[in-house]
Each structure stands twice: as structure tokens, then as C-alpha cells.
Amino acid sequence: MINWIFQLLVFPGLTFFVWIAFAFEWLERKTAAKIQSRVGPLTAGPKGFLQPVADYFKLIFKEEIIPRNSDKFVFLFGPPLYFSVPAIGAAFIPILGEKGVLSHSYDLLFILFIMAFSVLMASMLGYAAGGRYSTISIGRLVLQYTSYEVPLILSILAPALLARGLSLSKIVSSQISHWHVFYAPISFAVFLIVSLAELEKPPFDIPSAKTEIVAGWMTEFSGRPLAYIKLTKNLNYVFLSSLATTLFLGGPLLPIDVQDEFLKTILFLLVFLIKTFSVGFLIFIIKSALARIKIEQATSLLWVITTPLSFLQLLLIVLFR
Amino acid sequence: MSDKDQAEEKLAKISTGLIQYSPEGLVPFGPVHPALKEPEYFKIILEGEKIVQVIPRIGYAHRGIERALQDRNWIQAIYLVERICGICSFSHSLAFVQTVESLTELEIPRRARYIRLIIAELERIHSHLLWLGLVGYWTGFDTLFMWIWRDRERVLDLIELITGNRVHKSYATITGVRRDLPENIERHIQPAMKYLSDRVKFYKEIINSEATILIRTKGIGWVSPDVAVRLCPVGPLLRCMGFKRDVRTDDPYAAYDEIVPDVKTSTDSDVHSLLNLRLDEIEDSIRMVLEAITSIPTGQVKSSIPRAIPRGDAMGHVEAPRGELFYFVRSEGGNKPVRVKIRTPTLANILTATEMLKGHTLADVPVVLTGMDPCFGCMDRLTIIDIGEGKRWQINGEELRRYGIEWYNKNR
Amino acid sequence: MVVSHCRRRQDLKTNIKSWAQKNSLWLFHVNAASCNGCDIEFVASLTPRYDIERLGAQLVPSPRHADVLVVTGTVNPLMRERLKRIYEQIPEPKYVVALGACAGGGGVMKGCYNVSHGVDKVIPVDLFIPGCPPRPEAIIYGLMKLRDKISGGSHE
Amino acid sequence: MRRKIGITIPEMIKTAFSTKITKSYPFKELDVSERFRGKLEIDPDKCTGCGVCAIVCPASVITMVEVGKRKFRDKEVTIRRPIFNLYNCISCGQCVDDCRFNALRLTKEFELAVFDKNSLVMKKAIEHVE
Ligand code: SF4
Ligand code: SF4
Ligand code: SF4
Ligand code: SF4
Ligand code: SF4
Ligand code: SF4
Ligand code: SF4
Ligand code: SF4
């Protein structure tokens with residue numbers, strides 16, 4: 001039991017993921033800077049590595065301002081709840097073997113539910129905060145979600161079909177010799193596009209477009225709630241990258257067999273991290289090369305292009321398996 | 001019925017009180033808003049995401065410069081008009097100085113006229129690059145923004161080398177320029193211009209083929225040329241509607257009669273054509289700077305500055321990066337101007353911009369509003385300030401008069 | 001014994017706090033009737049040549065996220081109330097930087113009827129960066145000074 | 001025009017591996033350009049208190065204050081010296097151009113940020129007299 005709790009909360013569960021989330025943000029900012037021929041964070045920790053940590057702690061120590069017309073309860077307790085969504089999701093991801101900490105035989109459905117819940121939480125938070133920019137932002141968020149939900153489900157179905165099972169561990173174990181990305185490349189691409197939308201990154205950063213609607217639904221948050229929200233966004237990023245790794249890139253598994261338990265764990269972890277960071281990097285590169293599009297363009301793009309594409313992929317799989 | 005017609009009809013209904021707009025439909029844009037680096041307030045009336053009406057509310061940058069100019073002597077005034085705005089600061093001082101010079105019949109040395117042209121064109125390059133970078137920023141394309149601003153630093157370096165400051169050049173003076181060019185400046189200018197013209201080619205390629213930029217700018221902000229005739233925009237905004245108007249060729253000043261600009265026009269009149277037009281203008285400016293620096297004559301850069309300016313009225317205009325900048329100066333023979341009136345490009349363009357916005361969505365607001373490249377620094381010298389909290393901001397002459405009488409009665 | 005133990009923990013907390021604050025200055029920029037000169041230099045300080053993100057500074061879109069309020073310009077009567085309101089929206093601890101000669105004491109606009117000769121007449125100011133406009137390095141220098149103030153002044 | 005997606009990616013990679021643009025300013029000294037107009041300096045020995053600088057300054061930076069009295073042909077004449085409120089100075093250099101005694105110059109110093117703006121008031125000229 002204690003072992004299980006340790007796994008859930010520290011390694012490879014919550015704490016581990018939070019640190020990866022910090023590392024992701026650092027990497028993102030540093031690479032963004034490099035691409036823009038800048039230097040990026042430099043003074044906080046070696047090479048600025050502790051920059052996200054500094055940001056987080058600073059927000060924790062800051063005053064919280066609760067807007068007058070906001071729902072106080074949701075405003076204060078929503079952010080931790082929002083944070084728990086990807087945190088729980090992360091516990092399903094198999095890292096040190098074929099099974100995640102919480103894994104069971106229909107966990108893929110649970111993952112889908114979690115992704116929907118995260119959007120729901122975001123819109124609830126924005127709504128509780130009140131304010132015009134938040135309201136517009138939520139409208140966009142929900143509209144965007146409804147248009148990417150179908151391609152999301154369809155693209156996740158492809159590896160499930162290939163593995164003939166709805167559990168992540170089954171999907172992972174079916175990829176020992178061949179990754180699903182080679183059989184379902186379109187689904188992988190669609191999944192990346194949908195991840196951009198879920199993460200509110202360009203070209204889909206419409207709900208938090210700062211030049212249009214300030215900071216979107218986060219406009220009114222400050223202090224500790226904001227710290228949670230920022231962290232959750234990074235955690236979401238990690239969660240989606242690791243999900244892509246699990247679904248399409250074979251998770252932590254190695255084609256060779258290693259006897260030593262300890263060495264095996266280390267190797268698994270390493271493989272998993274490399275893959276996750278690569279996916280994160282890929283998402284990041286796509287993001288930096290594009291401009292933001294408009295909400296109606298986004299919905300039409302997601303409906304008209306990605307949905308038929310993912311259907312096509314499923315059809316191909318069904319026909320050729 | 002087109003979107004525009006519908007919008008017009010809606011507007012008519014709003015103004016006659018037939019439709020009441022809920023506060024949710026009204027989105028404030030500014031005065032402090034991340035898309036506008038300057039304080040300006042636009043009341044945007046929305047229906048869903050569609051814009052029905054835009055009401056600009058100017059005055060957030062009003063400082064009272066025209067009044068203050070009446071207390072400054074001719075030399076001090078140059079520094080003050082320059083600080084109407086930090087982006088085309090040289091255009092302001094140049095326009096003012098030229099207007100004053102036309103009162104005096106002084107001879108401006110030929111070398112000084114060439115130097116003025118060089119600085120004015122460098123300023124145009126810097127201003128257009130700044131704007132192009134901001135378009136990247138407004139469309140959420142941070143990488144483009146950073147690259148363009150990185151390249152803009154090359155121009156600012158040149159400006160600093162010549163004038164001593166990156167932004168406020170403080171360089172023009174009556175009868176010429178304050179200092180000569182540094183020695184061997186062409187050794188700095190030539191490589192920088194070469195680098196920039198390569199970069200501009202690259203940016204042109206991005207603007208014309210990157211799909212996300214194209215769908216954000218093509219066909220956005222279209223207005224018909226008739227509107228232009230009615231609302232009289234100036235500068236690139238006018239030129240992108242197919243009118244070939246440019247003060248530099250219509251009424252040459254500085255050395256523009258010897259180094260002739262090639263005025264570009266376009267007929268698409270949308271934000272995308274503005275992007276291309278401005279990039280073309282940068283290329284042309286680069287050509288002109290290079291030409292000027294090779295054929296610059298030797299000689300003095302200023303003659304002696306008169307203490308008092310003869311009595312008279314004068315008007316002058318220059319082509320600032322954003323269009324025609326117009327100055328009127330009245331002198332009564334003293335050491336101070338009696339009246340200075342400035343008509344700036346943004347003020348002339350703002351109405352067209354609100355017209356451009358109608359029928360588009362909220363997401364287009366930053367792109368369009370800034371597509372005309374507004375900078376409210378210069379627009380806000382003339383405004384009506386609302387009196388008291390909660391009162392309507394449009395006050396008509398009668399109200400103003402009554403207010404004035406009441407105020408005087410109270411404060412006597 | 002208990003007291004000293006307590007104090008050590010307190011010290012640790014303040015150390016983390018000042019370290020975090022110092023390394024994560026989120027800036028919110030208000031143009032209160034300036035000429036844009038200072039604003040473009042401020043934006044330029046974010047761009048590759050100067051890159052204040054090295055110091056952990058970052059431009060944020062909402063005052064509620066900010067730590068430092070950067071005010072440029074002369075603060076005319078129309079902006080005065082808004083500036084106060086934005087200042088109140090920023091959560092504590094907050095710092096105000098008056099950027100440019102205009103924000104310091106009116107600058108060249110001194111004597112104009114519609115300006116309020118200095119941001120410090122409207123809201124308390126922590127740091128003045130004079131210059132018209134201050135070059136981006138001067139802004140960086142100002143931020144370094146502010147960082148020193150934060151790490152030095154956190155023990156009182 | 002062909003529509004493409006992500007045409008900036010090659011350039012992005014190129015930029016990421018190209019030479020560094022960022023100046024290492026706060027960690028290293030900076031040379032500013034030769035003509036840069038920075039902080040104003042006065043040479044109190046050369047200043048005669050003529051007051052021209054106070055007249056020409058566009059930003060009302062300079063005020064002339066009385067520092068003493070002097071006998072000049074049986075008449076009391078006040079001696080004045082300039083005080084500079086440097087936080088208002090726009091470094092235009094007009095006073096430098098107009099001072100006939102070459103008492104003023106613009107230095108290249110730009111690190112002027114202060115916590116208290118009154119510490120930027122330059123009273124060198126009057127302190128020198130006392
Ligand atoms: S509009 Fe009137 S008050 Fe305002 S600056 Fe001009 S002259 Fe002065
Ligand atoms: S006559 Fe009218 S317009 Fe002319 S100065 Fe008097 S009030 Fe102004
Ligand atoms: S149009 Fe006006 S505010 Fe804009 S850059 Fe030119 S002078 Fe400045
Ligand atoms: S200030 Fe009034 S009279 Fe003058 S141009 Fe504008 S609208 Fe016409
Ligand atoms: S009332 Fe008219 S003339 Fe007087 S300041 Fe206002 S706009 Fe200018
Ligand atoms: S200090 Fe100078 S550059 Fe800055 S806003 Fe004022 S006039 Fe413009
Ligand atoms: S500094 Fe020069 S101009 Fe000013 S009072 Fe002294 S001598 Fe005269
Ligand atoms: S440099 Fe310009 S602003 Fe500064 S004191 Fe001299 S004249 Fe005045």
C-alpha cells in the first residue's frame with residue numbers, strides 16, 4: 001500500500017510529473033529563445049533551469065485578488081481541482097513497465113473523459129472569474145473543444161484498433177516490435193494537431209489570444225490560483241506528449257530483453273523520457289512556425305480536414321488488418 | 001444582403017434606439033490592452049463574434065502639445081514636436097522645420113537636404129519594420145516578431161551612429177541639420193542595407209506563402225475606394241486602394257527632387273496588400289539611401305539660424321511613414337510661434353480603420369486596427385475631454401458653452 | 001532553542017521568496033500618454049539584442065499576473081484614474097517603474113496643461129529610469145537595480 | 001502564390017545554430033556609440049552663470065539659483081548658478097550647443113536608474129561656489 005502511494009504521489013506519479021512539467025517549460029522557453037536568436041532564461045539556477053520554479057514560487061507567495069463579481073468558492077478551489085485532472089491522468093501512463101500506477105482494462109476511456117473534464121474545468125474557472133474577456137474566451141474554448149473532440153476520439157481509436165483493446169497497457173505491449181505510428185501516421189498527425197488545440201498553442205491559441213482578449217479565461221486570476229493554472233497547463237503539455245508516446249511510439253518498451261530489474265527500470269524511464277521530450281519538441285516546433293488563426297477557421301479546419309482524415313485512417317486500418 | 005449592409009442596418013437601428021445592446025455585446029478594446037502599445041479606447045459593439053460598430057474614443061494620449069508650442073521658442077519647439085511621437089520623430093521635426101524655413105526664404109545647403117533624406121528614409125525603414133514585426137505579434141507569430149525586431153536594430157544602430165540617439169534623433173534644425181554625418185558612415189550603411197534587403201526578400205516570401213498568415217490577412221479589412229474618397233485616408237492606406245499619392249513626389253522636399261522615390265500602389269486594399277506595399281516601400285527606401293550616400297555632395301550642413309522668424313503663415317507637409325503629415329505655422333515676427341496646427345496621419349486614417357472593421361470578427365480587430373498602423377501619440381493633440389464621471393463623452397457645442405458659463409459662475 | 005529553529009525556517013522561507021521574486025519579474029506595461037518612444041524601447045528590450053527574459057522578466061497581458069508596473073509617459077488626466085485602477089489590480093508585492101523623462105517629471109512635456117509631471121504624483125514609484133527615451137540597456141540596468149532592491153530589502 | 005505551411009522551419013533551425021545576437025550587457029561592460037547622448041555633465045570651473053542654458057532648454061531642466069552677491073561698479077549684482085533636474089533632461093544637447101563657455105557636455109553614461117528621483121538633481125555648480 002505504502003509503495004503504491006509512493007508511486008502515485010512521488011515517483012513515477014505526481015512529483016515526478018511536476019518536475020517534468022517544469023523541465024518542459026524551461027525547454028520550451030529556452031528553445032523559443034534560441035529560435036528567435038535570443039538567450040532565454042539565464043539567471044535563475046544554472047542556465048536558467050530553475051526559471052519555472054521561480055515563477056511558481058513567486059506566484060505562490062503573491063497576494064490573491066478575488067474579483068468582486070466572481071464565484072469565490074470556485075475561484076479559490078477550482079484551480080487545485082483543475083490541477084488534479086492531468087495529475088490523475090498522468091497516473092495512467094505506463095512509465096516503468098507496461099502498467100501505469102492506476103491502470104485498468106478500460107483506462108483509455110477514462111483518459112478521454114479526463115481530457116473533456118479538463119476543458120470543462122477551464123470553462124468553469126473562467127466563468128467563475130467573471131469578466132468580459134473570460135466570457136468570450138470560454139465561448140471560444142468550448143466551441144474549439146466541440147470541434148476537436150471527434151478527431152481526438154477517432155485518432156485515439158486507431159491505436160486501440162491496432163492493439164485490439166481499450167487499455168493503455170495493452171496498447172503499449174502490442175507495440176514491442178512495431179510502433180503504431182507506422183501503421184497509423186495520419187492519426188498521429190491528427191493527434192498532434194488536436195494536442196495543439198487542447199493546449200491552446202498557436203495556431204489554436206484562440207481562447208487565450210493575448211492580443212485580442214488579454215489572457216483569455218485566466219485574465220482575472222492572480223497569486224496561488226494562477227500558479228496552479230500555469231502549472232496545470234504545463235502538466236497538460238507533459239500529459240499529452242506522454243500520451244502520444246504511449247499510444248503511437250511504443251511507450252517505454254524496448255525491443256531487447258534486459259534481465260536486471262534495476263537496469264530495466266532505468267532504461268524504461270530513459271526511453272520514455274526521450275520519446276516524451278521529442279513529442280513535446282515536435283509540438284513546440286509546429287507551434288513556433290505558425291500564426292494564430294481565427295475561431296471559425298479553426299473549427300472548419302478541424303471539422304473539414306482532420307475529422308475525415310482520421311476516419312480515413314480508421315477505414316484503412318479496418319480494411320488492411 | 002451583404003454583411004456590410006446588414007451591419008449598416010443594425011447600426012441605424014441602434015442609433016434610433018430600436019435595438020438595445022446588452023453590456024455583453026460591448027467589448028472594450030483598450031485603453032490599456034496588450035495589442036495596443038498605446039492607450040486608446042475602442043468601443044466595439046459585437047453580435048456574437050461579429051463586429052457591428054466600432055467607436056474610437058481618442059484622447060488618452062492628449063498632452064496639449066499645440067498649446068505648449070505657443071510657449072516655446074523656435075528652437076525649443078523642434079524638440080517638442082519631435083516628441084509628439086517616437087516612431088516618426090524625424091518626420092515631425094522635419095515638417096516643422098521646413099514650414100518655418102518657408103517663412104524665411106533661407107537657403108538650405110544641398111548636403112543638408114541629402115542628409116535629411118537619408119535620415120527620413122532610415123526612419124521609414126525602421127517604422128515599417130517595427131510595424132511588420134508587430135503584425136507578427138498580433139497574429140500570435142512571435143518568432144516573426146522577434147526576427148524582424150532583431151533586424152530593425154541594424155537601422156537603429158545607423159540612426160544612433162549618425163544622430164546620437166536611437167529614437168529621438170534631435171537632428172533637424174532650422175536651415176539644415178545639427179551635425180554632419182560621421183566620417184566613413186557609408187562603410188556602416190552599405191552592409192546594413194545589403195543585409196536588410198536580403199531579409200526583406202525573405203519576409204516577403206513568408207508573407208506571401210505562409211498559409212496561416214495568408215488566411216489571417218487576405219481579404220481582411222477590405223474597403224471600397226469610394227470609402228477612401230469619402231474618408232480621406234493618407235499614406236500607405238490610401239496607396240493600397242490604388243491612389244498614387246505621395247508627398248515625396250507630389251511636392252518634393254529635402255532631396256526628393258534629385259532622388260526620386262518609386263511610388264508603389266496596390267488595388268487589393270486589404271491588410272495583406274498593405275503588408276506587401278510596406279515591404280516594397282522598404283526596398284525602395286533602401287535603394288534611395290544607398291543612392292543618396294553615394295551621390296551626396298560636400299559642403300556645409302547648416303547656415304546661421306535666425307533668432308526671430310518673419311511674420312506670416314506657412315503650411316508644410318512631409319510624407320511620414322504613415323502618410324501625409326501636415327503643419328501650419330503662424331508667426332508674428334517674434335521668437336515664438338503664435339499658432340502651430342498639426343494634422344497627423346493617424347487622425348486622418350482612424351475613420352477608415354473603423355470602416356475596415358465592420359463585418360469582421362473580434363479576432364480581426366488587432367490585425368485590422370493595426371493594419372493601418374495607428375500610433376495614437378500624434379492623433380491625440382486635439383480632443384474633447386469629457387467632463388465629470390459618468391457623463392456621455394460626446395458633448396456638443398451647446399453643452400460645452402453651458403458648462404463653460406456654469407464653471408465660470410462657480411469659480412468666479 | 002525553539003525560537004532560533006523557528007527563525008531559521010523563517011529565513012529559509014524569506015530567502016526562497018526573495019529569490020523567486022527577484023528571478024521572476026513579470027512586467028505589465030501601461031502607456032499613459034507617452035510619445036511611444038519609451039514604449040518601443042521597452043518592447044525592444046524584450047527582443048533578441050537585449051532580451052530581458054535572461055533576467056526572468058516577461059511581459060504579461062493582464063495586470064493581475066504582474067509584479068512590476070512599467071509606466072511610460074506623462075499621465076494625462078484621462079489616464080490618471082485608469083492608472084490608479086490598474087495599480088490596484090496588481091497583487092502585492094508590487095513595484096512601479098517610471099520609464100522615461102516624461103514619467104519621471106514631465107520631461108519635454110513639462111509645462112503642458114494636460115500632463116501630471118511625474119508618475120509619482122499619481123501612484124508610488126519605486127524606480128525611476130530617466131532618459132528620453134532610456135536605451136534598452138538603461139532599462140536592463142534599472143531592472144538589475146530593482147532585483148537588488150528585492151533581494152536586499154526582503155529581510156526587514 | 002502557393003500556400004505552404006511552416007516555411008519558416010528551415011530558417012528557425014538556421015537561427016538556432018547561428019551566432020549569438022544578444023549583448024551580454026548587464027554581465028559585461030557596454031561600449032556605446034561615439035555620438036551617444038547620455039547624462040549631462042557640467043564643469044563648474046568654466047560656468048560663469050550666464051543663464052543661456054536655462055533659456056534654451058526645451059524641458060525646463062535648468063533653474064538658475066542665487067548663490068551670492070558681488071560688488072560690480074558700486075552695484076550689488078547677484079551671482080547665479082544653474083541647477084539641473086536631470087530626471088527631466090531629454091539629452092537633446094541644445095544647452096551644450098549654446099553654452100559659450102563650453103562648461104557643459106553630454107557624457108556617454110546611460111546607467112541612470114535611481115530609487116529617489118531627487119538624487120538626480122545635479123547641484124555641482126552651486127556646491128562649487130560655496
Ligand atoms: S487641441 Fe488645443 S489644447 Fe490641445 S494641443 Fe491643440 S491647441 Fe492645445
Ligand atoms: S474666433 Fe473662434 S476659432 Fe478663432 S480663435 Fe476665436 S474661438 Fe477660436
Ligand atoms: S503617425 Fe503620428 S504617432 Fe504615428 S509614428 Fe507618425 S507621428 Fe508618430
Ligand atoms: S479640427 Fe475640426 S475643423 Fe479642424 S479639421 Fe478637424 S474637424 Fe475640421
Ligand atoms: S474646448 Fe475646444 S478649444 Fe477648448 S480645449 Fe477643448 S477642444 Fe480645445
Ligand atoms: S521620455 Fe521622451 S521618449 Fe519617453 S515618452 Fe517622454 S518624450 Fe517620449
Ligand atoms: S552652463 Fe554655460 S550657459 Fe549655463 S550658465 Fe553656465 S556658462 Fe552659462
Ligand atoms: S540636454 Fe537638453 S534637456 Fe537636457 S539640460 Fe540640456 S537643453 Fe535641457
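Below, read A as the first sequence line, B as the second, and so on, with proteins coming before strands; counting in each chain starts at 1. Bear in mind that the values here come from a model prediction, so they are computed numbers and not experimental data.
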Chain D contact via B:N165 - which portion, at a heavy-atom distance below 4.5 Å: both
B:N73 to D:I55 - nearest heavy-atom pair and separation: ND2-O, 4.2 Å
Heavy-atom cut-off 4.5 Å, strictly under: side chain, backbone, both or neither for B:I206 against chain D? both
Side chain, backbone, both or neither of D:I90 within contact of chain B (heavy atoms, under 4.5 Å): both
Distance in Å, D:S91 OG paired with B:Y79 OH, rounded so as to fall on 0.5 Å steps: 11.5 Å
Check whether B:R178 reaches the backbone of D:D97 with its side chain - one donor and one acceptor, N or O, closer than 3.5 Å. no
In short, B:K169 meets D:R37 closest at the heavy-atom pair O-NH2, 2.8 Å
Nearest heavy atoms of B:R179 and D:R35, plus distance in Å: NH1-CD, 3.7 Å
D:C92 and B:E82, any side-chain heavy atoms less than 4.5 Å apart: no
Could you grab the distance from atom CZ of D:F36 to atom CG of B:L161, nearest 0.5 Å is fine? 12.5 Å
Whether B:Q76 side chain and D:V56 backbone form a donor-acceptor pair below 3.5 Å: yes
